[in-house]
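Throughout, a chain's letter reflects where its sequence line sits, starting with A, and its residues are numbered from 1.
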Protein chains: 2
Amino acid sequence: MRTILEMQKQLLPDLMEILKKRYTILHQILLSDVIGRRTLAVSLNMTERVLRAETDLLKAQGLIEIENIGMRISDSGRKLLEALEPIVKDIFGLSNLEERIQKAFGLRKVVIVPGDSEASPLAKKELGRAGAKALLGVISSKDVVAVTGGSTIAEVAEQLSPPGNLSLKQCWFVPARGGLGESLEIQANTIASGMAKRLGAGYRLLHVPDLLGKEAYESLVGDPNIHDIVEMIREARIIIHGIGDAMEMARRRKLEDSVVQDLQKEGALAESFGYYFDENGVVVHKMLTLGLHLDDIKSTETVIGIAGGKSKAKAILAVLKFGHEDILVIDEAAAEEIVEEIERSESRRAE
Amino acid sequence: MRTILEMQKQLLPDLMEILKKRYTILHQILLSDVIGRRTLAVSLNMTERVLRAETDLLKAQGLIEIENIGMRISDSGRKLLEALEPIVKDIFGLSNLEERIQKAFGLRKVVIVPGDSEASPLAKKELGRAGAKALLGVISSKDVVAVTGGSTIAEVAEQLSPPGNLSLKQCWFVPARGGLGESLEIQANTIASGMAKRLGAGYRLLHVPDLLGKEAYESLVGDPNIHDIVEMIREARIIIHGIGDAMEMARRRKLEDSVVQDLQKEGALAESFGYYFDENGVVVHKMLTLGLHLDDIKSTETVIGIAGGKSKAKAILAVLKFGHEDILVIDEAAAEEIVEEIERSESRRAE
DNA sequence: TCTCCTTGGTCCTAAAATGTCCCGGGTAAA
DNA sequence: TTTACCCGGGACATTTTAGGACCAAGGAGA
């Protein structure tokens, strides 16, 4: 059967464009909480006047509320957005990309958000929202969730809000691995506690100094408290992690030059939970710290990978080849690159 | 779940208006076979220029074909119209009315066509189309269909076209009852044969003089030929009948003054297949002729009532209260009146 | 208190939509 | 065959709308 939209398109050729436009505006307002007309116009690349015409209409439809402080989304607007999401995805052509990637790597689910999270902070916010939604979709009442650091996962934490129908009081949030040399705000510990607080869940932290010598490492492993929490981490039912570019992560973590050179020699492309992967998804280096082992990751029930930006595409691909992701949340920019790469390798195989 | 249509109504109220407009134009072209721009503009109450803009678009979309003889609908236009019908009904708000009436009288199906068939010949044509569609929806290969007279049912006959997937060669069309004093074109006999010819089915007629005396009646009943056809009529699986205003029918059939006065005294409101009903659906008078008895109607599998126009609302309501309709095909004007009446009686009951 | 950002109002211009008329051509009735 | 009519499409002036650019008043937050 032809979809309703397909039929309508025949009588209203520009239906899709308008739908997309209004959806985008409404969506932007949702993400911004409250926002003024001018600011919104700039961030949407529209002139103030045309935006105004649209917002007037949205207001007339009761989808947004306009006060002298700015515009905010109304309840019915929020509901409408939610209901409209799959449709708009279809129009944006993201459903296609999702299916493509999902099949290529045998994933359980792929979520692609519109835009480029590197270029637009709002796209990044949306990536966080999608990540939060994915997490809430799989979490249940007594889960242990291991989280990594990174700005993307931090954004996920920001966007988390407690689900209405489910108490998560008996959940635990833990960092996936100990100190990895990140700055405080985007450390795994910070994020784990942040998520737990937002969801009313418990959290336990793993305080491990960043640059750990062999001996210190051995002594920490022996500590009963540390041992306890590491045990908990290794039994996590859900892992939610970011994906980074290997070289950039090395730089950000101020790894020694010799290590960086080694990484480069080994062809390290991606980094995630302290492990470095080459283009085939093989681990070529690991940071010396406590927490999840590779084997734990392989046996974890749900691994959620979240990343965005065109430049992350290669890294995401590498981690996908590692082969233990279940749910992938990325942005349009990365998705397009990844699908291109899939197609290239397919045509190579066909030769 | 909210339908995609409701969401669109919220976000694209203006486009829904346009959709309605274009649908109406396309629909009108369908009903008119070929029609010129000016004529169409008049019948749609639009100025020539705006209509032209629309038809240009419809042409660009390949939904109509414009030749120097006029405009006609294309195949894809025809298909689109068919597919779009429920959607437009929803936008017109007719779905609501349909459901309302269907539930109030426990009918199997209610079809409402837009417009007022008393005011616009095209609405009447559409009523005929809908009636024809309803008939084709229930008919199967060896049915006997009893039809009444009247201009509405005549229009149904006009709009019938053989279904592609079903041979009706073994169907029979018969008049529901003998001569009732209608003019030739809208007599049941004429219509039955017309329908049969259009569908490639058989027909048998019942020639009974209009004003039948008691004795003549008795002798006719005894005639074996007449008896045969009456038997067939009484076994009809489908009845398709119009509904008329009692007084108007009495006038049209030139009933004697005394009879008319009796009818008025009894509160006769509606007429159908030669029976007169009061506002509670009680039969207060019947014409003396052969054919279907009341008991036959009650036991018939599918009774299809078709009527239109604001002034018919009361009559339709009376026949509905009689309580043996299965499928009702009416126009918007009548439907609105009927629903109003339903609401009035509901609020009376609530007091 | 002051500054910044908000909405809602206004004005003006360009552009699009619309009302109106006409022309050449083909159809169908006379 | 002729004639009268209706057809689509072209043309054009006019109206309406959309869009761009500002501005004033007001409230929130620093």
Side-chain angles (χ1 to χ4, degrees), chain A residues 11-74 77 120-122 125, chain B residues 11-77 120-122 125:
Chain A
L11 279 187
L12 307 165
D14 42 7
L15 171 90
M16 294 302 184
E17 266 173 76
I18 298 176
L19 182 61
K20 204 162 118 180
K21 182 169 74 180
R22 295 202 181 142
Y23 177 89
T24 311
I25 295 172
L26 200 55
H27 187 233
Q28 203 79 287
I29 295 175
L30 170 75
L31 291 180
S32 314
D33 225 23
V34 282
I35 190 169
R37 198 204 307 141
R38 254 170 274 240
T39 321
L40 187 56
V42 170
S43 84
L44 284 172
N45 241 31
M46 303 172 76
T47 61
E48 192 190 329
R49 199 61 181 71
V50 300
L51 176 66
R52 189 169 166 183
E54 297 296 341
T55 54
D56 281 354
L57 183 138
L58 292 177
K59 183 187 177 188
Q61 294 298 112
L63 300 171
I64 60 175
E65 287 152 11
I66 301 186
E67 296 160 39
N68 45 22
I69 187 182
M71 302 173 290
R72 69 154 47 86
I73 197 155
S74 75
S120 137
L122 278 150
K125 216 165 175 175
Chain B
L11 199 57
L12 309 165
D14 44 353
L15 290 193
M16 291 303 107
E17 284 303 308
I18 299 176
L19 181 65
K20 206 162 111 179
K21 181 170 76 181
R22 299 204 176 138
Y23 177 88
T24 312
I25 295 172
L26 199 54
H27 187 230
Q28 202 79 286
I29 295 175
L30 170 75
L31 291 180
S32 313
D33 225 23
V34 283
I35 190 170
R37 199 208 306 144
R38 259 168 274 241
T39 319
L40 187 55
V42 171
S43 83
L44 284 171
N45 243 27
M46 302 173 76
T47 61
E48 189 190 329
R49 197 59 182 73
V50 300
L51 175 66
R52 187 169 168 183
E54 297 298 341
T55 54
D56 281 354
L57 183 137
L58 292 177
K59 183 187 177 187
Q61 295 293 332
L63 299 172
I64 59 174
E65 287 152 10
I66 301 186
E67 298 159 39
N68 45 19
I69 185 181
M71 302 174 290
R72 68 154 47 87
I73 197 156
S74 74
D75 279 352
S76 68
S120 136
L122 278 149
K125 215 165 175 177

Measure across B:S74 and B:G62 and return the closest heavy-atom pair with its distance rounded to 0.1 Å. OG-O, 2.8 Å
Reading DNA chain D from 5' onward, which residue's closest nucleotide shows up sooner: B:N68 or A:N68? B:N68
Give a yes/no on whether any side-chain N or O of A:T47 is located under 4.0 angstrom from OP1 or OP2 of D:dG19. no
A:A41 and A:L51 have their tightest heavy-atom pair at N-CD2, 3.5 Å
Show the nearest heavy-atom pair for residues A:I73 and A:L63, with the distance to one decimal. CG1-O, 3.7 Å
To the nearest 0.5 Å, atom CG of A:L58 lies from atom CD of A:E65 at 12.5 Å
In whole angstroms, the gap separating C1' of C:dT7 from CG of A:L40 amounts to 14 Å
CG-CD distance between B:D14 and A:Q61, expressed to the nearest 0.5 angstrom: 8.0 Å
Restricting to non-hydrogen atoms, name the atom on A:M71 and the atom on A:I66 that form the minimum distance, rounded to 0.1 Å. CG-CG1, 3.8 Å
Near-strand residues of residues 26-39 of chain A, defined as heavy-atom separation under 4.0 angstrom from DNA chain D: A:R38
Looking at residues 48-56 of chain B, who's got a heavy atom less than 4.0 Å off DNA chain C? B:E48, B:R49, B:V50
Rounded to whole Å, please give me the gap between CE in B:M71 and C1' in C:dG26. 16 Å
Grab the CG-C1' distance between B:L57 and C:dA16 for me, whole Å please. 15 Å
From B:Q28 CD over to B:I35 CD1, what is the distance, rounded to the nearest 0.5 angstrom? 6.5 Å
May I have the distance from A:R72 (atom CZ) to D:dA28 (atom C1'), rounded to whole angstrom? 13 Å
What's the shortest heavy-atom distance between B:R52 and B:T55, and which atoms? O-OG1, 2.9 Å
For A:K59 and C:dT6, give me the distance from atom NZ to atom P, rounded to whole Å. 16 Å
Distance in angstrom units between B:I18 CD1 and C:dA16 P, rounded: 16 Å
To the nearest Å, give me how far apart CD1 (A:I69) and P (C:dT6) are. 10 Å
Which pair of non-hydrogen atoms, one from B:R72 and one from B:V34, has the smallest distance, and what is that distance? NH2-CG1, 3.3 Å
Figure out the CD1/C1' separation between B:I66 and D:dG10, and round it to whole Å. 14 Å
